[in-house]
**Student:** 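Sharing a structure, written as structure tokens. Questions coming.
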Amino acid sequence: MGLMTADEYRESLKDGRMVYYKGEKVEDVTAHPEISVCVNSMAIDFEMAHNPAYKDLAVVYDEELGEEISRYYYVPKNGEDLLKQFELIVQATTLGDGYIPLAHDIGADALNAISITANAMGNKEYIERIENYRRYLKKKDLAVVAAVTDVKGDRLLRPSDPKQAHKDFYVRVVEKNSKGIVVRGAKAHISGAAYSNEFFVLPCRAMVEEDKDYAVAFAIQANAKGIKQVVRPFKPFITPFEFPRKRPVKMITDSLIIFDDVFVPWERVFLCGEWQYAVTMVYNFALLHRRTGCAYRIPLSEQFLGAAQAIAEYNGVANVPHVREKITDLVIYLETLRSLSRSACLDYVVHGGIPVPNPVTTNIAKYHFASKYHDVVKIVQDLAGGLLVTAPTYKDYQLPELHEDIKKYLGGKAGIPTEHRLRMFDLIRRMTRAELETIALHGEGSLQAERMTIYAEARKAIIECKKLAEMLAGIGEE
Ligand SMILES: Cc1cc2nc3c(=O)[nH]c(=O)nc-3n(C[C@H](O)[C@H](O)[C@H](O)COP(=O)(O)OP(=O)(O)OC[C@H]3O[C@@H](n4cnc5c(N)ncnc54)[C@H](O)[C@@H]3O)c2cc1C
């Protein structure tokens, strides 16, 4: 079939999947007035592959198949390949106005994490299955997301701990037969799942032997029997109280996916009971996905910088020393994220035969982004001023008896139309909402998860530095 067009992608979603939204079952996600906004955002990935302006970035020639495939499903060979994938995600997210198309990027992170784990295990069966599945994805160019985060129940208890209120807080194997396995459980917050073709399901934590039924990874079609999705509600449009714009709104959603005794054939199973390797899979997924997460946040950080500069100019304070300092802080935030992320790609390491971004630098980049995100929001809100939350709405601005008054009294610097100022408040209000702050903190793993990885990965370097300090102190000479 080759590279899908955006229309073919939309058509492929009419497959009888079970999706619930705001208390109702959605018959066709492509026709739903709200979820279709997300379908169109996800379609950006497919549009890029057919647009000459982005094709070089989005598509590669695959020697094995002798055809063009999505760059996402291509196995990176070196740091340059990792960097190109990174730049592709930055570009796709820019086109998505900061919302990520997601059709391939999270799936590709899971695909590579599974390949790395199969290679590390040296299990020929798994290696062959994941290579076959990669070939299938390359040929069909499907949208695939990653369902990793289990609902978990009591966070301090293991999946198999009898003290958990029930056995199904982590996805587990409940039956094995000659044709495949049957799985039960639920995964939470799964981005893009309602309008992806398939999901990769991976364990979300390290396991011990007692957890072996939970050490399971597989790929499954979104419309497979027994799968239900509950999509979180969202605001899909610019409300009638905000200034309208022609550019379509972009959005993505996240799903709770319930696996109610779902059958998975063996050729789609990539881990089943090898509890020692759950950690390899989740670790490599988290590493790859944090690099992807950093790419998502570059366009968003550029938006913050741009909005801060614009509103400071509109308010007439752009050249005041403390404002320039705050704008400089935003530049430092953005460029630190960009350079750490790029250097993580170029300074890559090899896991299970596949180049992956440098683990320490990647985790520092993600931690930098997430831990300072609220400071960035604070700067933009500070520069905007209180009208950010108290300005009259677009509807008030439109009323003939109020229009001239609002125009007169809510103007800022001479020469800047009042409407520009009010439009910028609308944008900043959308950009600084709490929902995005939570994504910054928890998307791709919590702050603590990043700190733990940085410490574990930097352990060798810490010991080398300690030896250096001891040498300088003359310790060992006595
Ligand atoms: C918008 C959004 C999109 C997402 N998209 C995806 C996706 O596409 N696919 C996917 O698989 N996941 C996705 N996630 C999930 C994301 O990776 C998780 O939110 C993150 O790993 C944190 O898990 P949690 O939400 O269950 O929080 P919790 O694990 O409940 O964490 C809450 C707090 O408890 C702490 N904590 C938890 N367990 C322990 C412990 N054992 N010991 C000490 N402290 C602990 C954490 O550090 C944190 O401070 C998404 C999340 C968000 C917010």
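All heavy atoms count here, side chains included; hydrogens, waters and symmetry mates do not. Both ligands and their constituent atoms are indexed starting at 1 by order of listing.
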**Student:** Only one of Y74, Y73, Y133 passes side-chain contact (heavy atoms from CB on, under 4.5 Å) with K138; say which it is.
**Tutor:**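 So, applying the side-chain contact (heavy atoms from CB on, under 4.5 Å) to K138 and each of Y74, Y73, Y133, only Y73 qualifies.
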**Student:** Any protein heavy-atom neighbour for atom 1 (C) of ligand 1 (distance below 4.0 angstrom)?
**Tutor:**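 There is a protein heavy atom less than 4.0 Å from atom 1 (C) of ligand 1.
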**Student:** Among all protein non-hydrogen atoms, which one is nearest to atom 18 (C) of ligand 1, and what is the separation to 0.1 Å?
**Tutor:**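 Checking every protein heavy atom, the shortest distance to atom 18 (C) of ligand 1 gives H442 O, 3.7 Å.
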**Student:** Can a protein heavy atom be found under 4.0 Å away from atom 13 (C) of ligand 1?
**Tutor:**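 Looking at atom 13 (C) of ligand 1, one finds that a protein heavy atom does lie closer than 4.0 Å.
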**Student:** Quick one: nearest non-hydrogen protein atom to atom 47 (O) of ligand 1, plus distance?
**Tutor:**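 Nearest protein contact, heavy atoms only, for atom 47 (O) of ligand 1 is S446 OG, 3.4 Å.
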**Student:** For Q164 and D154, indicate whether the former's side chain and the latter's backbone hold a donor-acceptor pair under 3.5 Å.
**Tutor:** yes
**Student:** Starting from atom 41 (N) of ligand 1, find the nearest protein heavy-atom neighbour and note its residue, name and distance.
**Tutor:** R155 O, 3.2 Å
**Student:** Should you measure from each heavy atom of I190, which atoms of ligand 1 turn up under 4.0 Å away?
**Tutor:**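 Heavy-atom distances to I190 below 4.0 Å select 7 (C), 8 (O), 9 (N), 10 (C), 11 (O).
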**Student:** Is R459 reaching over with its side chain to a backbone N or O of Y455, donor-acceptor style, under 3.5 angstrom?
**Tutor:**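 Flag not set: sc R459 to bb Y455 has no pair under 3.5 Å.
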**Student:** When the ring planes of F234 and Y21 are compared, do they come out parallel, tilted or perpendicular, using 30° and 60° as the limits?
**Tutor:**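 Correct class here is tilted.
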**Student:** Any cation-pi pair here, K167 with Y170, using under 6.0 Å and within 45°?
**Tutor:** no
**Student:** Tell me if the centroids of the rings in Y9 and F46 come within less than 6.0 Å of each other.
**Tutor:**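 Here the rings of F46 and Y9 have centres that are less than 6.0 Å from each other.
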**Student:** Of the protein's non-hydrogen atoms, which lies at the shortest distance from atom 3 (C) of ligand 1, and what is that distance?
**Tutor:** S191 OG, 3.3 Å
**Student:** By the definition side chain to side chain donor-acceptor pair (under 3.5 Å), identify the one residue from T362, D109, D105 that meets it with T292.
**Tutor:**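 Output: one option passes, namely D109.
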**Student:** Using a distance threshold of 4.0 Å (strictly less than), state whether atom 36 (N) of ligand 1 has a protein heavy-atom neighbour.
**Tutor:**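 Protein heavy atom within 4.0 Å of atom 36 (N) of ligand 1: absent.
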**Student:** Ignoring hydrogens and angles, tell me if any N or O in the side chain of D45 forms a donor-acceptor pair with the backbone of H104 under 3.5 Å.
**Tutor:** yes
**Student:** For a side chain to side chain donor-acceptor pair (under 3.5 Å) with D97, tell me which candidate from R430, R247, Q303 qualifies.
**Tutor:** R247
**Student:** With heavy atoms of V148 as the reference, note each atom of ligand 1 found under 4.0 Å away.
**Tutor:** 10 (C), 11 (O)
**Student:** Considering both backbone and side-chain atoms of T149, is one of its nitrogen or oxygen atoms within less than 3.5 Å of a nitrogen or oxygen in ligand 1?
**Tutor:**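 Yes; the residue has a nitrogen or oxygen that sits under 3.5 Å from a nitrogen or oxygen of the ligand.
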**Student:** Can you report which non-hydrogen protein atom sits closest to atom 43 (C) of ligand 1, along with the distance?
**Tutor:** L156 CD2, 4.4 Å
**Student:** Does the side chain of S341 pick up a donor-acceptor pair with the side chain of R291 at under 3.5 Å?
**Tutor:**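 Looking only at side-chain atoms, R291 and S341 do not form any donor-acceptor pair under 3.5 Å.
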**Student:** Return the residue, atom name and 0.1 Å-rounded distance of the protein heavy atom closest to atom 9 (N) of ligand 1.
**Tutor:** A146 O, 3.0 Å
**Student:** Enumerate the atoms of ligand 1 whose separation from the nearest heavy atom of G445 is less than 4.0 angstrom.
**Tutor:**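 Listed by number with element, the hits are 17 (O), 21 (O).
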**Student:** Can you confirm whether something in the protein, heavy atoms only, sits under 4.0 Å from atom 49 (O) of ligand 1?
**Tutor:**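 False for atom 49 (O) of ligand 1.
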**Student:** For atom 4 (C) of ligand 1, which protein heavy atom lies nearest, and how many Å away is it?
**Tutor:**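 I find the closest protein heavy atom is H189 O, 3.2 Å.
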**Student:** Taking atom 24 (P) of ligand 1 as the point of reference, which of K152, E444, R205 owns the nearest heavy atom?
**Tutor:**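 Result: the heavy atom closest to atom 24 (P) of ligand 1 is in K152.
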